[in-house]
Each structure stands twice: as structure tokens, then as C-alpha cells.
Chemist: 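Input: one structure, supplied below.
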Amino acid sequence: MMAINRPKGTNDILPQDMRVWHAIEQNIRDICQVYGYEEIRTPIFEHTELFQRGVGETSDIVEKEMYTFHDKGNRSITLRPEGTASVVRAFVESRNFAEAQPIKYYYQGPMFRYARPQAGRFRQFHQFGVEAFGTQDPLIDAEVIHLCMRFFYGLGLKNLQLHINSVGCKTCRPIHKEALKDYLRPSYDALCETCQNRFESNPLRIFDCKNESCQKIVKNAPTITSCLCEDCKNHLEELEGILKTSGVDYVLDEHLVRGLDYYTKTAFEIMVSDIGAQSSIGGGGRYDSLVEEVGGPDMPGIGFAIGLERTIKALEAQGVLAWKKEKTKVFVACVSSLEKRDAYQLLLQLRGANIASEMDVMDRSLKAQFKYANKQNFSYVITVGEEEIAHNRFALKNMQDGTENQLSTKEIIDLLKEESTC
RNA sequence: GUGGGUGUAGUUCAAAGGUAGAGCACCAGAUUGUGGUUCUGGGUGUUGUGGGUUCGAGUCCCAUCAUCCACCCCA
């Protein structure tokens, strides 16, 4: 029979990898609780229109990276390529915008984008993100950035680079767009093909282009930062002030432009080296008109998304594996198959007392059982033999220091219970 | 969507046209009922798949699939 393997760009998270994921998920819950963000879970597929409207028609995600299909009712459905649009939709649909503000959510789960996989890029990947609705106060921008950095530092990551910029708002963005186009127009022919297409639809993205000739042209172009309206300028300055007084290292990156169309004012991105060419590990920004575009009230919002696979890759590259410690577990070995039933009764009692325990099911020799227990990192081995059964006292061996004692079932349970709870 | 690299044992990798191998892992044993070290034994394989060249192909050629890396873009 031909073996079937996983679809391109997907990953199995195997039992041996699960520790890291659990640690990360726990870290997410802990931090979000401290910062007052509540979890929200939305479907992993939505009406295609949500992303077209929310993420934006001119973004690469919508243009060429969506997993879109028609269901049996002939509805156009898309596997979510990112989290914000869905969260905003749920926020609006549930009418939660009528609750006391600000309203702060976090989410975590798989996202889907159709692109060629490479180091740090997959077709199914996981993001952790937060969204805060209801206020334009730069303090909340700072809070979101703090939370984001705290997540990374909480895991033990180092060498992160935080880039910050403002991409303006409805008032100043069109002014900058015209100024930029005026500046670029004489050099239009020297732009690369994609940038020529961007010229009309989304000239801001030309700043992102890695093409040498485009970079040369754009080098002295008017940046959005230099064209900000009074409101946006103050907002950015205030945010910078808060970050400085709270000791957050950042770089003001006037060329930082985010790929999603909904961003306004604050945009930020976190980079880390050593995870391949895809050095962005998280990013986010403000989206003050997205809620309204999705059909809700005129309400500002800000959030970020972090790539969990990239986070794990960075953790591996930096050798951070602080959660290696295993919990106490016990192996019940029997001298011969004659004691199997008695051993199983003992196992039941241990498990009844919530002590993690297992026994041999491979009919292995006693020696082989010890070898196995050692290999699998069991902290204790209890030996069940003729003698033990007769006296109702079992040999409990500590696999760390090699000591062994004859104890009653009750003594064993009391001892192990204490150990497994600390 | 574009370009490049790589496919041999569970895994990491050898075999430069002539009988598919090694380390690690795994399994068993080294006289009484006890692990880690050591020693001995065991190869666990459709050389990704399908064609072609050749007396002979893991090796050369073509196709195909998978995977990795980079571009694009992003997390």
C-alpha cells in the first residue's frame, strides 16, 4: 500500500515536540491574564468576502495566498490567512462593542496561506495575537507592544529587534501617497515590474521592495513619517515617549510598511536573526477603520500577531529549552508473567491516586524492563515478585540515586503523591 | 508563481558502472530478581517512483513525485 504523506507545507506536531508547544501556550495564557486580555476562538474558515474587505484586495495575501473553495451550498469559503479579520467580525457580530471599553482579546491557532514553503514559512502555521478595541490612546499601543515583547522575553528569547513606524491615517495617507507618486513619477521606468503595478494601487509598498534599483530610487523619497498630520505625528511622538521612559529598545524605521492594508498610525515588527531568511517573528499595528469596514461602529483598534513556528525556531537556534524537566512517573516491573495480574492491581491503585504510572506490556525480562524504564526517564521502578506479593511489601527503587526500599502499598502511594505534587 | 540543491536502513551518512555498507538508535544475551558503563550477537532495505542507456545502474540520461533552501511575500 502506498503511504500517504502530509500535504505540502503542513507539519505534524508530534508527542516529542509537544512540550515546547505547551510551554508556549501556557506562557500566552499567563501573560494575557496579567495584561487583562481574554481569549476568543473563531472558526478557521470564513466567508471569503471578510478577508477581501478586511485584509484588503491589494494585499498579496488576498491576491494570491488564500485557500479558497466553494462549499456544497456554493458559498465561497476561505481558510483564515490571519486572525484579526475574524476577531473583528466576531466582535461586531456578537455586539460586544456595546460592552465596557476597552475590549481586549487574544487568540491562538492555525492560519493558512498558499505559498511555496521554505525555512520558517508554512502553508499551515500558528499565530498568537491580541486585539484591543475602543481607544486611540498611545498608552494602549505601548501596552500591546509591551505584551508582545514580554511574550518573547518570558520564553527566554534574546537578540530581538523592535521596529516602529507610523503609516498615517485617512487624512495624511492620501497626501503622502500623492507626494510619493509625484516623487516617483520621473523614475517610473526604472522601477521593477511589480513596483510599477504598485505605483497606482499601493505605492507605499515600494519602500519594501528589495530590488536594487527600486531601493535606490526610494532612498530619498518622502516617507510617510515625514508627511504625518498633526494627530498622527503627536500619536507617534507620545508612543515613543512612553516606550523610552519604560525602557523598551526600539528602532524608528521610517521604511517599515506592513503588508496588510488595514493598518493606520502605529505599525511595528519584531525581527530575530538565525531563523533563516524569514526574520520577522511578529508584527502588528493600529487599524482605526477596520471595525467600521467590517460593518461595526466607528471604533479604533490595535493588535499584533506572532508566528509560533518561528518563535520555536528561534528558541531552538538560541538553545533555550528551560522546560526540559520531566514530572515524576513510576514503572511497575514484574519478575515474571506470573505476577502480571498483581502488578496490574498495584498499577490501578497508583493511578487511582493520580500517580503517573505504567507497566510492561511487552513480556520483557525484568532486566529489559529496567532498561526500558531507564530509557523512558521513569523516576521510580516498583518490582512485583513472588516475595513481594507474599509479604504485601514492594521494592521501590529510586532510579536517580539507585536506592531501593521495601514498602507497603500505602507507604508507596503517600511517598509518590507528595513527590508528584511538588 | 520563479530559481537552485537533495532523495540509500528508524536516523546521520558511505559505496566515483561490477555481490548495498558504517556509526547511532532498536532488539536479544553476558548462570540466581534490577537500569545507566562495557562486551557479544542480530541489518531491520522495493537505493522516492516510472522509463531509458549498458553484459551489468544506488551510480549515467529523461520524466515524475517528495523534500529542503532562496526569490516573491509574510508570521
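The structure displayed is predicted, hence computed values, not measured ones. Naming convention: chains lettered A, B, ... in sequence-line order (proteins, then strands); numbering from 1 in each chain.
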Chemist: If I take atom CG in residue A/Leu160 and atom C1' in nucleotide B/A75, what distance separates them, rounded to the nearest angstrom?
Modeler: 14 Å
Chemist: Let me know the distance between CZ of A/Arg113 and P of B/G1, rounded to the nearest Å.
Modeler: 18 Å
Chemist: In whole angstrom, give me the gap between the C1' atoms of B/C26 and B/U44.
Modeler: 9 Å
Chemist: What is the separation between atom CD on A/Glu82 and atom P on B/C74, rounded to the nearest whole Å?
Modeler: 12 Å
Chemist: Look at all strands and tell whether A/Ala277 reaches a base, only sugar-phosphate, or nothing, counting heavy atoms closer than 4.0 Å.
Modeler: sugar-phosphate
Chemist: Could you walk me through whether A/Asn159 and A/Ser273 pass side-chain hydrogen bond (donor to acceptor under 3.5 Å, both in side chains), step by step?
Modeler: CA-CA 8 Å; A/Asn159 304 328; A/Ser273 48; 5.7 Å; no
Chemist: May I have the list of side-chain donor-acceptor pairs in residues 277-287 of chain A shorter than 3.5 Å, sequence neighbours left out?
Modeler:
{"unit_1": "A/Ser280", "atom_1": "OG", "unit_2": "A/Glu269", "atom_2": "OE2", "d": "3.1"}
{"unit_1": "A/Arg286", "atom_1": "NE", "unit_2": "A/Asp141", "atom_2": "OD1", "d": "3.4"}
{"unit_1": "A/Arg286", "atom_1": "NE", "unit_2": "A/Asp141", "atom_2": "OD2", "d": "3.1"}
{"unit_1": "A/Arg286", "atom_1": "NH1", "unit_2": "A/Thr135", "atom_2": "O", "d": "3.2"}
{"unit_1": "A/Arg286", "atom_1": "NH1", "unit_2": "A/Asp288", "atom_2": "OD1", "d": "2.9"}
{"unit_1": "A/Arg286", "atom_1": "NH2", "unit_2": "A/Thr135", "atom_2": "O", "d": "3.2"}
{"unit_1": "A/Arg286", "atom_1": "NH2", "unit_2": "A/Asp141", "atom_2": "OD1", "d": "2.6"}
{"unit_1": "A/Tyr287", "atom_1": "OH", "unit_2": "A/Glu131", "atom_2": "OE1", "d": "2.4"}

Chemist: Nearest-nucleotide wise, let me know which of A/Arg6 and A/Gly276 is further upstream toward the 5' end of RNA chain B.
Modeler: A/Arg6
Chemist: With sequence neighbours left out, what residues match A/His126 under ring pair (Phe, Tyr, Trp, His ring centres under 6.0 Å)?
Modeler: A/Trp21
Chemist: List the steps, then state whether side-chain hydrogen bond (donor to acceptor under 3.5 Å, both in side chains) holds for A/Gln124 with A/Tyr67.
Modeler: CA-CA 10 Å; A/Gln124 177 177 339; A/Tyr67 268 98; over 6 Å; no
Chemist: Between the main-chain N or O of A/Ile242 and the side-chain N or O of A/Ser246, is there a donor-acceptor pair closer than 3.5 Å?
Modeler: yes
Chemist: With a 3.5 Å distance limit and no angle check, can you tell me whether A/Arg80 reaches the backbone of A/Glu46 through a side-chain donor-acceptor pair?
Modeler: no
Chemist: Of A/Val92, A/Val291, A/Leu290, which meets side-chain contact (heavy atoms from CB on, under 4.5 Å) against A/Met299?
Modeler: A/Val291
Chemist: Applying side chain to side chain contact (heavy atoms under 4.5 Å, CB included), run through A/Phe128 and A/Thr311 and close with a yes or a no.
Modeler: CA-CA 10 Å; A/Phe128 152 52; A/Thr311 301; over 6 Å; no
Chemist: What's the separation between atom NE2 in A/His22 and atom CD1 in A/Ile13, rounded to the nearest 0.5 Å?
Modeler: 9.0 Å
Chemist: When all nucleic acid strands are considered with a 4.0 Å heavy-atom cut-off, which category describes A/Ala305: base, sugar-phosphate, or nothing?
Modeler: sugar-phosphate
Chemist: For A/Arg364 and B/C26, what is the distance between atoms CZ and C1' respectively, to the nearest whole Å?
Modeler: 10 Å
Chemist: In whole Å, I'd like the distance from the CZ atom of A/Arg116 to the P atom of B/C74.
Modeler: 18 Å
Chemist: What distance, rounded to whole Å, do you find between the two P atoms, one in B/C55 and one in B/U12?
Modeler: 37 Å
Chemist: Give the dot-bracket string for RNA chain B, reading 5' to 3', where a pair is Watson-Crick or G-U wobble with both distances under 3.5 Å, ( ) marks pairs inside the strand, [ ] marks pairs crossing earlier ones, | marks a partner on another strand, and . marks unpaired.
Modeler: (((((((..((((....[..))))((((((.......))))).)...(((((..]....))))))))))))....
Chemist: I need the CG-C1' distance between A/Leu308 and B/A75, as an integer number of Å.
Modeler: 9 Å
Chemist: For nucleotides B/A22 and B/U8, find the distance between their C1' atoms and express it as a whole number of Å.
Modeler: 13 Å
Chemist: Would you measure the distance from the P atom in B/G48 across to the matching atom in B/A66 and give it in whole Å?
Modeler: 16 Å
Chemist: Quote, to the nearest angstrom, the P distance that separates B/G4 from B/C61.
Modeler: 16 Å
Chemist: Identify the heavy atoms of A/Thr48 and A/Ser76 that sit nearest to each other, and give their distance.
Modeler: OG1-OG, 2.7 Å
Chemist: Which value, in whole Å, describes the distance between the C1' atoms of nucleotides B/G10 and B/C72?
Modeler: 37 Å
Chemist: Has A/Arg364 got its NZ or CZ under 6.0 Å from the middle of the six-membered ring of A/Tyr372, at an angle within 45 degrees of the ring axis?
Modeler: yes
Chemist: What interatomic distance, in whole Å, is found between P of B/U49 and the corresponding atom of B/G7?
Modeler: 14 Å
Chemist: Measure NZ/A/Lys8 against P/B/C65 and give the value in whole Å, please.
Modeler: 9 Å
Chemist: Using atom CD1 of A/Ile275 as one end and atom P of B/C69 as the other, report the distance to the nearest whole Å.
Modeler: 12 Å
Chemist: In whole Å, what separates the P atom of B/G41 from that of B/A70?
Modeler: 45 Å
Chemist: In the 5'-to-3' direction, what one-character label does each nucleotide of nucleotides 31-38 of chain B receive under the scheme B = base within less than 4.0 Å of a protein heavy atom, S = sugar-phosphate only, - = no such atom?
Modeler: --BBBB--
Chemist: Which of residues 118-131 of chain A sit near RNA chain B, with a heavy atom under 4.0 Å from it?
Modeler: A/Gln118, A/Ala119, A/Gly120, A/Arg121, A/Phe122, A/Phe125, A/Gln127
Chemist: Using atom types as modelled, flag every donor-acceptor pair under 3.5 Å from a side chain in residues 331-339 of chain A to any protein atom, sequence neighbours excluded.
Modeler:
{"unit_1": "A/Ser336", "atom_1": "OG", "unit_2": "A/Leu338", "atom_2": "N", "d": "3.2"}
{"unit_1": "A/Ser336", "atom_1": "OG", "unit_2": "A/Glu339", "atom_2": "OE1", "d": "2.9"}
{"unit_1": "A/Glu339", "atom_1": "OE1", "unit_2": "A/Ser336", "atom_2": "N", "d": "2.7"}

Chemist: Has A/Tyr106 got a side-chain atom pairing as donor or acceptor with A/Gln33's backbone, closer than 3.5 angstrom?
Modeler: no
